[in-house]
Each structure stands twice: as structure tokens, then as C-alpha cells.
Amino acid sequence: MKKRNKYATVIIDIETRKIVDILESRDYEEVKRWLSSFPNLELISRDGSIVYNKAIKDAHPKSIQVSDRFHILKNLTDYCKQYIKRIFKNKIEIGKLENINSGETLYLKEKYKFKTKWDLILKVKELRDLKYKVNDIASILGMSNKTVIAYSKISNEDKEKYDKITNAEAKSSDISKSKEYLINKVKELSSEGKSMRKIAEEMVLDRKTVKKYLESDENWNHTSKGVKKKSKLDNYKNLVKKFYIDGISSKEIYKKIKAKGYTGSESLIRKFITDFRSETIEENEAVDIRYVETNDLISLLYKPIEKVETITLEEFEVVLDRYEKYKIIFNIVEEFKEILFGKDSTKLNTWITKSKALGIKELNSFITGITRDIEAVENAINYEYSNGLAEGKINKIKVIKRIMYGRCTFEILRNRVLQIEYNT
């Protein structure tokens, strides 16, 4: 049984569960040469490497190749993750917030009203005690679901750690004091008749900075403060707003306006959207929308609903009912899992045909990969073998390598691993 890591090919005996050898290379010729030296190999479990596929076929054309189930499923979910991120924003709307305590209006970005982080933590705890859902608290306070969960678990004994002014305030205060000193010092040296060049050398500042400090007013503001600079996004702002309102992601917006001549960065678009969203929220004041984070929906491709704390079964059912594209991709993954672990490879072709018909490019990329290696994938369904054992062995080798601090050749590492393997 074999598994490749970043540096080498690791070969493991399925029966004895021992490392047989480690090859420094992952090249076709070396792998084929090694395999050819063992004429009786009948079944080989491997990852999805095409190089390994070809080397095994040429060295042992009658052997059974089994593709690893873990890697097959991971490839599928990774492609589906790309698709979900492409079509959905970071959060998707699923309904109205329910204020179970009273009819008071709730506001987004409430977290900015708290002077210290501890006050914010106490608010999170209060809302949790009132049985608010994690998603609702996240929407009310303008934070992520994971932050809500983390804050709710913080002990009262940690109050001192969090009961202080925010880092932003402290940093702003420090910067202000430092800048005040520098500006006063620059002006003092200038009043002594020193040139900007001399001041820059003495203060270890750029000459442009010295010039800016000399031109600043008594409040340390530069004379150009308040003058709005032209942005590369100026001519496209209305278009960005329209695309955002239509539910298009910032990545897709960037591609669309870039095609129309925009030369700025994607991050500039994201910042503009964030500011626009905040302004819209302030204008509308009350926020009564309930959201689910896209990352939580992605987690459900890997984990059962009971293992994802940040989304309830009720919310998940609303998503499936309201967002057909997510429902389709979720069901496709679930169907594939049933086939992969159901020991009936005859259903695989039906799944492939059905999935191709959806016309999803990410899914088609996955299908292309398994079709190219279809026999090994079918064997992964029909046989019990997998590369699970290899994962543990790879981790063991990495630990040994770290202990040796990299002060060795590959051959010394190989000998050390084999010595430990057969002496324990």
C-alpha cells in the first residue's frame, strides 16, 4: 500500500501494516522500477496520482488498483466548496429575526457601541441566556457565528483580560502621541535653520514626510486633509451597487467591471461594498433579517448537522427549501457518499450521468478526474482497502523528520524510519 507526501513515495504492506520502503522520488520510472522488483503484487491501494496509476499498470498489468476513498470524497467536496463560494455571498438570508424577549427593535453592528470587549462578551452571554440562536446573535451584534460561540464560553474569571479599552483606541492614542512628538521636533529643527534634507537625515525620515510635517497645522493635520482623492472605482460605483443589490459576489463584480475597463484591485471593491452595506443599514435602521453563513453550509458537506453548532436543523431546512442550487449540490454529495460506502459500483455511472447534466463546471472537473481513473474508483467502492493506514504513517515520518531538524540526507531519514518501524 502506498501514499505519497510532499517529498517522497511511502510504500506500506497492507497485511503487516509496516512501512516497506520510502522512495525519494515520485517519478514514474523510479516508482515502476521499485514495483517491478516485487513480482507478486496483486492489489495496490493508492491516492489519485496519474503517475502512480501508470507505473502500477506498466509494472503489474494484472494487479487490482484501489483509489483511496478519503481522497476521492475530499476532491468532490473541495470542488463543491468552490462552486458554493462562487454562487453565494458570505451570508445568505433565510428569514426574519425573532426577538423572543420583547418587541424591541434590534440593530446590526451593535458591537461598536461597547467600550470594552468584556462588555460585548457580557452581551453575548446575556443573549445566549435568553435563548437567542447563535445566528440571531451574530446578526444583532455584527459578528461571526464562531465568535459568538467563543465569547459565550469565556469564563468570568477572564474579565481582567478583556475589560480594557479596545486595541484600536489604544493604538490610535499611541500613534497620536508619537506623531505629535515627531511634528514638534521637525518644526523645532526647522526653526533652528536646518534644511529639510538635514532634518530628514537627523530624524531618519523621508524628505516628503518632513515636508508634510512642516506644512501641518496646530492640530497636526496636513493642509491637504479633507481633499478627496480620485479613486479608480469612481466611474464604476453605481454599477457595483447595482451588482451587489442583485446578489452578485464581490469576486464576480470584480470580473465584470474589470471587463469594462476597471484597473483597480478587488480589495477596493470589497471595501466599497462593506461601506455601502453599512450606510444602507444605517439608513434602514432596524435589521430584522436572519442569516446563515456560507461556511456553515460548506461544513455540512463534510459533517452531519448535529456536528455543526452554528446552524440548526430548522435553519438548514429553510436553506434547502429556499436555495435550490445549494440543495442540488448537497444532494449530489450525499448520493455520492451513499454509493462510495454502499459497496455497489453499478450506481456510479448513473450518478456521473446525472451530475454531468447539471452543467456545473466544478462538478464536471471532478467527474473528469474520476472518469480518467474509473476502474480504481469502482474498486474503492467494491473493496474495503483504503489509505487510512498510510495517513498515520506519513504523520509518523514527519515527526521523525522534525526531530532530526532536517540535518540529514534522505537516505539517513529512510534508514531511521525503517529501523524504528521494525524494532518496535
Side-chain angles (χ1 to χ4, degrees), residues 1-76 78-79 340 345 348-349 352 365-402 404 406 408-424:
M1 187 159 84
K2 48 206 235 23
K3 162 75 184 172
R4 72 179 194 175
N5 66 8
K6 184 178 178 182
Y7 305 101
T9 298
V10 180
I11 300 139
I12 302 168
D13 189 307
I14 293 176
E15 301 298 335
T16 65
R17 306 172 74 83
K18 298 279 189 181
I19 296 174
V20 176
D21 205 350
I22 307 174
L23 308 182
E24 185 172 11
S25 172
R26 294 174 294 191
D27 293 337
Y28 161 79
E29 289 295 342
E30 185 165 347
V31 174
K32 178 189 171 186
R33 189 183 307 114
W34 189 96
L35 290 168
S36 298
S37 66
F38 292 84
N40 298 322
L41 294 179
E42 297 178 354
L43 185 145
I44 303 173
S45 175
R46 59 169 173 80
D47 63 18
S49 168
I50 296 302
V51 172
Y52 287 166
N53 181 6
K54 188 174 185 326
I56 294 167
K57 276 184 180 177
D58 292 348
H60 298 282
K62 294 183 179 180
S63 67
I64 297 170
Q65 295 192 44
V66 180
S67 189
D68 182 52
R69 286 187 293 277
F70 169 80
H71 287 93
I72 296 171
L73 188 56
K74 186 178 185 302
N75 285 342
L76 172 60
D78 283 349
Y79 277 120
L340 191 59
S345 60
L348 184 59
N349 282 334
I352 289 174
S365 295
F366 170 74
I367 292 168
T368 299
I370 63 170
T371 303
R372 188 172 51 191
D373 199 22
I374 194 67
E375 187 177 338
V377 173
E378 289 177 344
N379 287 335
I381 298 171
N382 295 327
Y383 290 86
E384 292 291 340
Y385 301 107
S386 76
N387 275 25
L389 171 64
E391 297 295 335
K393 295 294 185 181
I394 292 295
N395 289 334
K396 182 178 180 179
I397 292 170
K398 287 179 179 178
V399 170
I400 295 170
K401 184 174 181 294
R402 290 191 195 103
M404 296 174 76
C408 62
T409 62
F410 175 83
E411 195 60 32
I412 293 174
L413 175 63
R414 172 181 173 274
N415 291 340
R416 177 63 175 153
V417 169
L418 294 177
Q419 180 187 39
I420 292 172
E421 190 74 357
Y422 288 94
N423 287 341
T424 55

Roughly how far, to the nearest 0.5 Å, is [atom2] of [Y] from [atom1] of [X]?
| X | Y | atom1 | atom2 | result |
| --- | --- | --- | --- | --- |
| I12 | K18 | CD1 | NZ | 11.5 Å |
| I64 | N379 | CD1 | CG | 6.0 Å |
| E378 | I370 | CD | CD1 | 9.5 Å |
| I412 | R416 | CD1 | CZ | 11.5 Å |

Smallest separation among heavy atoms of R69 and E384, with atom names: NH2-O, 2.9 Å
Minimum-distance pair of heavy atoms, taken over all atoms of I19 and E421: N-OE2, 3.0 Å
Short side-chain donor-acceptor distance under 3.5 Å, D68 and Y385: no
Audit row: N53, Q65, side-chain hydrogen bond (donor to acceptor under 3.5 Å, both in side chains) steps and yes/no: CA-CA 8 Å; N53 181 6; Q65 295 192 44; 3.2 Å; yes
Working for side-chain contact (heavy atoms from CB on, under 4.5 Å), residues Y28 and D58: CA-CA 10 Å; Y28 161 79; D58 292 348; 2.4 Å; yes
Residues 29-42 side chain polar contacts: donor-acceptor under 3.5 Å, at least two apart:
from: W34; atom 1: NE1; to: D21; atom 2: OD2; distance (Å): 2.9
from: S36; atom 1: OG; to: K32; atom 2: O; distance (Å): 2.8
from: S37; atom 1: OG; to: W34; atom 2: O; distance (Å): 2.5

Donor-acceptor under 3.5 Å (R26 side chain, S49 main chain): no
Polar side-chain atom of S45 near backbone of S67 as donor-acceptor pair, under 3.5 Å: no
Contact between [X] and [Y] at the side-chain level, heavy atoms closer than 4.5 Å - yes or no?
| X | Y | value |
| --- | --- | --- |
| I400 | L413 | yes |
| L73 | L340 | yes |
| F70 | D47 | no |
| S63 | I56 | yes |
| I72 | L76 | no |
| I352 | I374 | yes |
| I381 | L348 | yes |
| F366 | D78 | no |

Pair V10-L23, side-chain contact (heavy atoms from CB on, under 4.5 Å): steps then yes or no: CA-CA 6 Å; V10 180; L23 308 182; over 6 Å; no
Basic-acidic side-chain contact under 4.0 Å: D373, R46: yes
K57: side chain to side chain donor-acceptor pair (under 3.5 Å) partners, not counting sequence neighbours: none
Set of residues satisfying side-chain contact (heavy atoms from CB on, under 4.5 Å) with respect to N415, sequence neighbours excluded: E411
